[in-house]
Protein chains: 2
Amino acid sequence: MSASGSAPTVYDVAERSGVSIATVSRVYRNPESVRPETRERVLSVARDLGYVPSGNARGLASRSTGVLGLCFPDYSDPDAEAAEDMDDDAAMLYSDQIIRGMERAARRHGYALLIAASLKGGPESLVAKVAGRVDGFAVLARTVPTAELDVISRRQPVVMLAGPRENPDTADHLDHIEVANFDGQRELTRHLIEDHGVRRPAYIGSAEESPDVEARFRGFLAACRDAGVRAGGEPVLRVAMMTQAQGARAAEELCARAGERPDAFVFANDQMAVGALHALERRGVKVPGDVVVTGFDGIPLSRLVRPSLTTVRQPMLRMGEAAVELLVERLSGTRTGEPVSMMLPVTVVRRASCGCGEAEAARAAAR
Amino acid sequence: MSASGSAPTVYDVAERSGVSIATVSRVYRNPESVRPETRERVLSVARDLGYVPSGNARGLASRSTGVLGLCFPDYSDPDAEAAEDMDDDAAMLYSDQIIRGMERAARRHGYALLIAASLKGGPESLVAKVAGRVDGFAVLARTVPTAELDVISRRQPVVMLAGPRENPDTADHLDHIEVANFDGQRELTRHLIEDHGVRRPAYIGSAEESPDVEARFRGFLAACRDAGVRAGGEPVLRVAMMTQAQGARAAEELCARAGERPDAFVFANDQMAVGALHALERRGVKVPGDVVVTGFDGIPLSRLVRPSLTTVRQPMLRMGEAAVELLVERLSGTRTGEPVSMMLPVTVVRRASCGCGEAEAARAAAR
DNA sequence: GCGCTGTCTGTAAGCGCATACATCACTCTG
DNA sequence: CAGAGTGATGTATGCGCTTACAGACAGCGC
């Protein structure tokens, strides 16, 4: 039914148990301060009535919600229905891990988590909706106009995830968490060059603006330059979306191009690399024998494909957790003042697709 | 920063823009009803001030929050820290998919999603916290005492996910969504028997109570009986947790046992089956040559392991979506009265681990 | 000129709770 | 036995917003 009059309130409970609403409130907020018999009586009436304290009223009165928020972009496929059981599932990557990390950390601190993906053209902007309901929140880069964030961050803690500060002088109030994209990609690339003799690596980036991808590319370039390996100032290829399908297409194209085929496909993320692996297998191109392939992110999938994918693992779970820690610090007053900018380390994971990893593979199998 | 006095309110905006608070409110709730010039003036002041409407106050006044909730069990590993980069990642399965499904559907309907996993021994019960902040919510089976749910569901829409109604006479107010565990497992088992000549299948279940797992087992039994295949009244083995590690251990044990080895390991979920696959490979037991292995759930991983895993796919995303639909129906008054009980169909996915799937494998590779 | 209608805005009454403060009944102390 | 101290409860106010209702004012037909 879920509708017999409207929900009971403190008043109903108070009346039925012969106390004042203050006492009812105390039973929930501070049970010790109420005589046990009274407490029990109130609780029992509450149970009978099906009373549940209104979070809204609580929040209003106490000026805090006990909820943290997360805004992220809508990653869902345009043709989501069709993709239902395709590689949509494998797309369980970025936001999901962060959600999970945040949820865990939030729970530890007694917070719940409110999540919302951006909906293009909502009348009420996404943030406003979330911001009004939480004590503080995190935003995945490029989900929300920086200006809007800037306004909001004057009033409540906000942390920006992934992607460097977009505009150093306006986004002044935001705490900030990023990962070592540059370092990770550089180290991975150096490994390919030094340990596997790669000489003609091709970097495959994305057409859309992404500070992360750009940082990775710069890392790639740095390693090339250091080793005296030629590499253009631009990625060899930019794909529209960083999906498996696009990765496969990129591999096809790179193989079909005239001239010498690159001896390494360095992808800006794992998704594309996995797609490429499939495409190459289909074409009969051996990995890592004929060409080396690497990804970036360290999604679960990367360990499971054959050959297993050499990649750079981002600590996404930890990113979510770190976001919560930052928010909680702000909220508890442990930290005030200057926004911090945190850079999480990444780790290069050497597996079969670059030619490493017999040992690795054995260890993985041994699990 | 994030603290210069406290956040601005309607009053501040109203005063600064020379209108009443009612007008400010209208600017947000019903912009058309305010003269354009007035509206602009108000909005501009709001921007200057960094005004964001308080969700709490809104909710209180309007008696609705625009938020749906989800409570789920805490699946995290006991030794989470250690497991950080082990198969914890692959555990991205049940709750995550449902979260994603709900989030999408909720967004379509203009709701945000509040998620919270059960924390053992929190003072305020999980549900109470969530229930007080949302218009309606979904609960994964066995997350929350049924009695508590029953009370709450008298007051607001609640839908229970997965797992049959626990107690038909008390949980009367809940809408209910389950999947065809019985049918799915029966069909899968029949396939093994009829198409692959399996004669000594072993079912591996879980020690913990789970209506889903039981239903699957009954489906397994039904298929065996129908085909005149012997099968005890109990699973051959019950593991403590349905993890990869436990699945591997189960496989070991089944292989080590005296007597004839079963010709099929029928696992109650994919996780365990994947673990078993690894263990069997290590032992040099061929799948499906020496023994057939199947799972249940259809997690992404199942398609990626080698041999790819024959399983039963649960529409978990859809489950989340369906939950939202049910809630929204209740909330909008489209549906009232009797709780419904919805059973989502599952699909048997035949892949390599049962001996099918050369074609399948090819198709998968062709993607 | 009058009343009428319609548009825009203001007034005021809550929404359900938390909490400072007041009150009351006692118990202790000296 | 007065007065201070203590614990349990009640009173009253406000949190920031929505929304019925009322008021003001302009344009209309008569």
Side-chain angles (χ1 to χ4, degrees), chain A residues 5-43 45-46 49-67 124 128-129 131-135 155-156, chain B residues 5-43 45-46 49-67 124 128-129 131-135 155-156:
Chain A
S6 58
T9 72
V10 264
Y11 295 100
D12 302 318
V13 176
E15 191 176 359
R16 289 265 291 243
S17 46
V19 300
S20 73
I21 64 163
T23 298
V24 175
S25 176
R26 279 190 277 258
V27 165
Y28 287 89
R29 304 293 308 169
N30 192 0
E32 319 305 326
S33 74
V34 174
R35 193 156 41 106
E37 321 152 35
T38 315
R39 195 194 313 151
E40 286 314 318
R41 188 154 33 95
V42 170
L43 283 176
V45 169
L49 257 40
Y51 168 71
V52 178
S54 149
N56 283 327
R58 273 197 180 175
L60 225 209
S62 66
R63 263 164 293 273
S64 84
T65 65
V67 178
E124 306 232 7
K129 180 157 187 174
R133 307 207 130 284
V134 302
D135 293 338
R155 298 304 174 182
Q156 72 185 276
Chain B
S6 57
T9 73
V10 262
Y11 295 100
D12 303 318
V13 177
E15 191 176 358
R16 290 264 289 243
S17 46
V19 299
S20 74
I21 64 165
T23 298
V24 175
S25 176
R26 278 191 277 258
V27 166
Y28 287 89
R29 306 292 307 167
N30 192 0
E32 320 306 326
S33 73
V34 173
R35 191 155 43 105
E37 322 151 34
T38 316
R39 195 194 314 152
E40 285 315 318
R41 187 154 33 96
V42 169
L43 282 177
V45 170
L49 256 39
Y51 169 71
V52 176
S54 149
N56 284 325
R58 274 198 178 174
L60 225 208
S62 66
R63 262 163 295 270
S64 83
T65 64
V67 177
E124 305 234 8
K129 179 156 190 175
R133 305 208 132 282
V134 302
D135 293 339
R155 298 303 174 184
Q156 72 185 281

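In what follows, chains are A, B, ... by sequence order, proteins preceding strands, each numbered from 1. Because the structure is predicted, anything quoted here is derived from the model rather than measured.
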ask   = Between A:Arg63 (CZ) and D:dG14 (C1'), how many Å, whole number?
value = 8 Å
inquiry  = Side chain of B:Thr23 only, heavy atoms from C-beta on: which candidate in D:dG10, C:dG10, D:dT18 is closest?
reply    = C:dG10
message = Looking at D:dT9, I'd like to know if its phosphate oxygens (OP1 or OP2) sit under 4.0 Å from a side-chain N or O belonging to A:Thr38.
response = yes
key: Atom-to-atom span, CZ of B:Arg58 to P of C:dG16 - whole angstrom   = 18 Å
query = What's the shortest heavy-atom distance between B:Val34 and B:Arg39, and which atoms?
reply = O-NH2, 3.2 Å
task = Identify, between A:Ser33 and A:Ile21, the residue whose nearest nucleotide on DNA chain D lies closer to the 5' end.
result = A:Ser33
query = So which nucleotide from C:dG16, C:dA12, D:dC17 ends up closest to the side chain of A:Ala57?
reply = C:dG16
task = Report which part of the nucleic acid A:Ser25 touches: base, sugar-phosphate, or nothing (heavy-atom distance under 4.0 Å, all strands).
result = base
task = Using atom OH of B:Tyr28 as one end and atom P of D:dG16 as the other, report the distance to the nearest whole Å.
result = 15 Å
inquiry  = Contact between A:Val42 and A:Arg26 at the side-chain level, heavy atoms closer than 4.5 Å - yes or no?
reply    = no
inquiry  = Of the listed nucleotides (D:dC17, C:dT11, D:dT9), which one gets closest to any side-chain atom of A:Val34?
reply    = D:dT9
remark   = Rounded to the nearest 0.5 angstrom, the OG-CD distance for B:Ser17 and B:Glu40 is 12.0 Å
request  = Please work out if B:Val19 contacts a base, only the sugar-phosphate, or nothing of the nucleic acid, heavy-atom cut-off 4.0 Å.
outcome  = sugar-phosphate
key: Length of the line joining B:Leu60:CG and D:dT18:C1', which is rounded to integer Å   = 10 Å
inquiry  = Testing the basics here: between B:Arg155 and A:Pro8, what is the closest heavy-atom pair and its distance to 0.1 Å?
reply    = NE-CD, 3.3 Å
ask   = Does B:Arg26 get its side chain close enough to the base of C:dG10, under 3.5 Å, for a donor-acceptor pair?
value = yes
inquiry  = Does D:dG10 have its OP1 or OP2 closer than 4.0 Å to a side-chain nitrogen or oxygen of A:Ser20?
reply    = yes
Nearest listed nucleotide, side chain of B:Tyr51, among D:dC15, D:dC17, C:dT11 = D:dC17
key: Nearest heavy-atom neighbours spanning A:Arg41 and A:Val19   = NH1-CG1, 4.0 Å
message = Any N or O donor-acceptor pair under 3.5 Å from the base of D:dC15 to the side chain of B:Tyr11?
response = no
message = Could you tell me how far apart B:Asn30 (CG) and D:dC17 (C1') are, to the nearest whole angstrom?
response = 15 Å
query = In whole angstroms, how far is the P atom of D:dG7 from the CD atom of A:Glu37?
reply = 17 Å
Interatomic distance where CZ belongs to B:Arg35 and P belongs to C:dC8 [whole Å] = 8 Å
request  = Identify, between B:Pro36 and A:Ala22, the residue whose nearest nucleotide on DNA chain C lies closer to the 5' end.
outcome  = B:Pro36
query = For B:Arg133 and C:dG16, what is the distance between atoms CZ and C1' respectively, to the nearest whole Å?
reply = 12 Å
